[in-house]
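Worksheet: one structure, shown below.
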Amino acid sequence: MARQPAAADFIRTIIDRDLASGAVERVIVRFPPEPNGFPHIGHAKSSTLNFGLAAEYQGQCHLRFDDTNPATEDQRYVDAIKRDLQWMGFAWGEHEYYASDYFGTLFDWACKLILKGLAYVDDSPEDVIRGMRGTVTTPGTESPYRNRAPEENLELFEAMRAGVFADGSRVLRAKIDMGHPNMKMRDPLMYRIRHATHYRQGGAWCIYPFYDWAHGQSDAIEGVTHSICTLEFATNRVLYDWYLDALEIAPRPHQYEFARLNLEYTITSKRKLLHLVQEGIVDGWDDPRMPTLAGLRRRGVRPRAIKTFCNSIGTTKVDSIHDPGLLEHCVRDDLNHRAPRVLCVQDPLPITLTNWPEDHEEIISAPYWPHDVPRDGVRSVPFSKELLIERSDFSEDPPKGFRRLTPGGIVRLRHAYIIRCNHVEKDERGNLVRLHCEWIEGTRSGSNTALKPKGTIHWVDAKRSLPVIVRAYDRLFAQPVPGDDFLEALNPSSLIEYKEARIEPSIADDPPEKRYQFTRLGFYWRDPELINSHPPVFNCIVTLRQAIQGQTKYSQHTLGVGRPVGAVLPRDSQSKPQPKTTTPAKSEPKSKQRPLSADEEHWLNQSGLNAATGLAIYGIPAAPEFLEAASEYVSRVSVGNWMANQLLPALKGAPLSSLPFGPSEFAELVRLADNGKASTHEARAVLKLMLAGERTPTKLLTSVQASTVSDSEVLRDIIGNVLSDHEDRVQAYIAGKTGLLGFFVGQVMKRTNGKADPRQVKALVKEELAGSAT
RNA sequence: UGCCCUGUAGCUCAAUUGGCAGAGCGCCUGGCUCUGGACCAGGAGGUUCCAGGUUCGAAUCCUGGCGGGGCAACCA
């Protein structure tokens, strides 16, 4: 499947804008992991975005390790991150950077801020600092050390660096505003003292910068243009900008935030994943059930599938959670045309072909590929008297719609013969031990036979097949959103091992990294960590999509893996997961209106405007006065509407005083519209010109009207063209879809470049349509 | 009860910037088939969070409300 070009999401829109305006010459982005864990599917989204952007715009993506915390970071994670990124196919060339390499520059820049009086050393203990920060709704209070002289601060800061103070005894803080509504701006910490060994810097430093101080400055050092991070950093952006402004860095990077990837039944928190690893709940960071890239790789997923997935989920600012089904779809789609089919029975049930000659063996030449995959190749599959089939492909008491083997029924053995089950053998406890079946001669695959079994099942030869272990994986968590008590949400059967599985012998000589489709089961490959084990261990990469009649399922895994294929679930076990707790009662009609203040109420009453219009004007400086002044010439309601809906929005927050015209000119415009001299459409065009600096509405109107297409004959021509270009819609309109009228009007407006009176057009379109209806 | 982000199909996203509300996944039906897969054809599914306003025309602009997420680590 061709890789579709990524849609122009909001990030690409911003980049296009910056490139077009010349603000940015070449796009430089960065992927900044902290080396404190293995990268996971969420990092795949971020790195696909950043490296993808660099490739698309012929820019550069830097790999930068955000290693400012010596307590949690380690070279082993650096190695893992680099390996996984390379596996994904991303190349950063020589642009491999480490925030810790910038410690020197960062230190110098901190001194600069101190000298500018924008940073100070605070001797307060940790809990005091926390206490004085205030809360989200109450302002903080200033530290008693806040107003130390710059020289003293510098001396202290240098002493901090020199190691004369104990851990936690002092910090360097930016001097911003303890009452700031954004808590990140309440004198944020820049440095803490940590007499620790950094995995790269060793003991060179005993003070370490915090994220906010290090990150933007690192971007600046590298010449990053667009610094793309996840949503939770949005409140940090103001601080990001503050530091850069304080240092007077130009040109400087800008931060943009997008929604991180969330997957149902999965966690993408490094902290929680680390917990699973440390507690031995999973078999390391690369356990095939883990959402880590290492886990996905070991499972057998290819990078292409992950990239397709990442590109297809979009880049937005909506905090959303994805269905793992989409990832699974991408994995199947990637493998369908590149994984040869072989036969493997996970949970064998022996069958004997009672009428097959003793000791007779047939070698069947079976194609590796189904009819719809245009690839060649066959392998030999032995067939004899004793065979094995999937236990779940037989049912003594078949549910409705069951298409496999039943007592007395027939079924096709894939690539081989049709058989009939004549006798069911059980042990003394009633357990099924063997089926005695009849081989139906002349029904070999490819031969013409009148017999049409409803189903085809997979099988292997009992003697000649090879023993294998098959590992089937289900989702790690049973809850769609595991939450903080994620350990409670663990799925107890996320790994099921089929120890008695058997596979056709053809695979014996295949290279170990070969991926297969086990017919009717799914895609598999040998676990790369257990490549020398005997019998071989196969991981299920993803099951086949299975639409078994009557089953509505949300997970292939629920049905296909971890249970015998085709097993029918009891009704209540297939119930949908709990829906998101969002959007509870969206239908409840409640129209609460904010209680108006006395002033607002009074003003609204005397102005005669409705609340929507009035409130749009009332809070804007000088707007009520503007309204009053303009109302001397024309109705206040009209002025109000034009102000609230046209003028003020066009200002985009700029003050009214910046207008190139005054209330009287504005009133003139409104009057033109009011008394019908100008259509609304024309009046808007005039306003646009006025905003551009022209002052005389009446004159402008003349020129606007001069270019207006108002000749009915000309318009009728255009309408005729539109109608004949959209014959189907004309029919629909005649058939009763009158809402299409707006569409026709819109088309005509487009073809006149907006230079027609839509009211006139509408009337004419109605006439024409009435004409064509008869 | 502050600041920031955000509400379009079951899920994830589009909608040429005010002019037919669409796509992928999922689901259903039919076709094909020696994989209950793949493929092909069709279908269901919408109060564009709600209520007002402006407009010939609003998912889009204006006002108000409601819902969801984030921010008070010497983590990033």
Side-chain angles (χ1 to χ4, degrees), chain A residues 7 34 36 66 68-69 71-72 126 129-130 133-138 140 167-168 171 180-184 186 189 191-194 210-211 215 231-238 257 264 312-314 316-323 325-326 329 332 336 341 370-373 401 403 412 414-415 445-446 453 455-458 517 519-520 544-549 552 554 566 576 579-584 586-594 610-616 641-642 644-646 648-649 680-681 726 729 732 739-747 749-750 758-759 761-762:
Chain A
E34 184 189 9
N36 66 347
D66 218 343
T68 56
N69 183 359
T72 54
E126 188 175 339
I129 290 179
R130 200 176 11 245
R133 192 149 22 223
T135 70
V136 291
T137 52
T138 59
D167 282 5
V171 290
H180 203 286
N182 179 342
M183 296 212 50
K184 297 281 181 208
R186 318 244 262 231
L189 275 46
Y191 277 96
R192 75 277 214 182
I193 301 172
R194 274 294 104 90
F210 284 94
Y211 168 83
H215 202 88
L231 245 32
E232 68 270 25
F233 292 101
T235 40
N236 299 53
R237 189 180 56 243
V238 180
E257 310 90 21
E264 281 184 333
S312 61
I313 57 178
T316 69
K317 304 184 78 136
V318 187
D319 189 18
S320 50
I321 180 159
H322 288 265
D323 183 346
L326 183 58
H329 166 80
R332 282 185 206 109
N336 185 33
R341 273 60 169 175
H371 60 93
D372 55 308
V373 176
R403 288 164 52 175
R412 158 82 64 186
R414 177 77 169 162
H415 301 306
S445 188
T456 300
I457 63 173
H458 56 280
Q517 184 191 110
T519 296
R520 300 214 305 132
L544 255 30
R545 177 170 171 265
Q546 287 163 22
I548 291 175
Q549 202 175 47
T552 308
Y554 55 86
K576 264 272 191 199
K580 275 196 289 190
T581 48
T582 60
T583 61
K586 55 154 81 168
S587 56
E588 254 171 61
K590 42 186 164 188
S591 59
K592 277 186 214 153
Q593 201 74 11
R594 172 171 64 88
N610 64 40
T613 309
L615 257 17
N641 279 340
W642 276 86
N645 294 299
Q646 307 296 332
L648 263 17
T680 313
H681 190 72
H726 298 283
R729 277 181 253 273
L740 246 21
L741 185 59
F743 165 72
F744 295 124
V745 174
Q747 289 303 307
M749 291 304 290
K750 256 185 188 167
R759 280 202 239 209
V761 171
K762 190 175 193 176

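Every chain is numbered from 1 and lettered A, B, ... according to where its sequence line falls, protein lines coming before strand lines.
The shortest distance between side-chain heavy atoms of V238(A) and K184(A) does not fall below 4.5 Å. T680(A) places a side-chain heavy atom less than 4.5 Å from the side chain of W642(A). Within the 4.5 Å cutoff, no side-chain heavy atoms of R414(A) are placed close to those of R341(A).
Nucleic acid contact class of G614(A) (heavy atoms, under 4.0 Å, all strands): none. At the heavy-atom level, G314(A) lies nowhere under 4.0 Å from the strands shown. Residue contacts for T680(A): at a heavy-atom cut-off of 4.0 Å it reaches the sugar-phosphate backbone alone, with no base atom in range. Nucleic acid contact for T519(A): base, since at least one base atom lies under 4.0 Å from a heavy atom of the residue. Within 4.0 Å of P758(A), counting heavy atoms only, lies at least one base atom of the nucleic acid. Using a 4.0 Å heavy-atom distance criterion, V136(A) is classed as a base contact. Counting non-hydrogen atoms under 4.0 angstrom, R414(A) reaches a base of the nucleic acid. Within 4.0 Å (heavy atoms only), D167(A) reaches no atom of the nucleic acid at all. Counting non-hydrogen atoms under 4.0 angstrom, F744(A) reaches nothing in the nucleic acid.
At least one side-chain nitrogen or oxygen of R759(A) sits closer than 4.0 Å to the OP1 or OP2 atom of C56(B). Dashed line: the shortest gap from a side-chain N or O of R237(A) to OP1 or OP2 of C71(B) is not under 4.0 Å. In this structure, R520(A) reaches the G36(B) phosphate: one of its side-chain N or O atoms is under 4.0 Å from OP1 or OP2. For A72(B), the OP1/OP2 oxygens have no side-chain nitrogen or oxygen of T137(A) closer than 4.0 Å. Remark: S320(A) is in phosphate contact with C13(B), judged by side-chain N or O atoms under 4.0 Å from OP1 or OP2. In terms of phosphate contacts, T68(A) brings a side-chain nitrogen or oxygen within less than 4.0 Å of OP1 or OP2 of A76(B). Regarding contacts with the backbone of A38(B), a side-chain N or O of R545(A) is found under 4.0 angstrom from either OP1 or OP2. Note on T316(A): a side-chain N or O is less than 4.0 Å away from OP1 or OP2 of C13(B). Proximity of R192(A) to the phosphate of A76(B): a side-chain N or O atom is located under 4.0 Å from OP1 or OP2.
With both pairing distances under 3.5 Å, U35(B) is matched to nothing as a Watson-Crick or G-U wobble pair. Within the shown strands, C56(B) is the pairing partner of G19(B) under the Watson-Crick or G-U definition, both distances less than 3.5 Å. Pairing partner, G2(B): C71(B), with both Watson-Crick or wobble hydrogen-bond distances short of 3.5 Å.
Distance from the side chain of K184(A) is smallest to A76(B) among A76(B), A73(B), U35(B). Closest to the side chain of R341(A), from the set U16(B), C56(B), U35(B), is U35(B). Closest contact between the side chain of I313(A) and the listed nucleotides U12(B), C75(B), A38(B) involves U12(B). With distances taken from any side-chain atom of V745(A) to the nucleotides G2(B), C75(B), C56(B), the minimum falls on C56(B). The H371(A) side chain lies nearest to A38(B) when the options are A76(B), C61(B), A38(B). Between C4(B), C56(B), A73(B), one nucleotide has an atom nearer to the side chain of A234(A) than all others, and that is C4(B). Candidate nucleotides C74(B), C56(B), C11(B) were compared by shortest atom distance to the side chain of E126(A), and C74(B) ranks first. Here the nucleotide nearest the side chain of E232(A), chosen from C74(B), C3(B), G70(B), is G70(B). Taking every side-chain heavy atom of N641(A) into account, U54(B) is the closest of U54(B), U35(B), C75(B). Side-chain atoms of Q747(A) lie closest to G19(B) of the nucleotides G19(B), C62(B), U63(B).
Checked against the 6.0 Å centroid criterion, the rings of F743(A) and H726(A) qualify as a close aromatic pair.
In the interface, the side chain of Q646(A) is not paired with the base of U54(B) through any donor and acceptor atom under 3.5 Å apart. Evaluation of atom-type donor-acceptor distances gives a pair under 3.5 Å for the side chain of D372(A) against the base of G37(B). A donor N or O paired with an acceptor N or O is not found under 3.5 Å between the base of G53(B) and the side-chain atoms of N610(A).
Atom-to-atom, CG of N69(A) to C1' of A73(B) comes out at 11 Å; the value is rounded to the nearest Å. Spacing between atom NZ of K317(A) and atom P of A14(B) amounts to 13 Å, rounded to whole angstrom units. The nearest whole Å value for the distance from the CG atom in N645(A) to the P atom in U60(B) is 13 Å. G36(B) atom C1' lies 17 Å from atom CZ of R412(A), rounded to whole Å. Taking atom CG of L326(A) as the reference point, atom P of G10(B) lies 17 Å away to the nearest angstrom. Distance NE2 (H322(A)) to P (G24(B)): 17 Å, rounded to an integer number of Å. Between the CD atom of Q517(A) and the P atom of G37(B) there is a distance of 11 Å, given to the nearest Å. Taking atom CZ of residue R186(A) and atom C1' of nucleotide C74(B), one finds them 18 Å apart after rounding to whole Å.
With its glycosidic angle within 90° of 0, U17(B) is assigned syn.
Along RNA chain B, the nucleotide nearest A644(A) and the nucleotide nearest L741(A) are compared for position; the residue whose nucleotide lies closer to the 5' end is L741(A). The residue among K762(A) and H415(A) whose nearest nucleotide of RNA chain B is located toward the 5' end is H415(A).
Side-chain atoms of R194(A) do not come within 3.5 Å of backbone N or O of D167(A) as any donor-acceptor pair.
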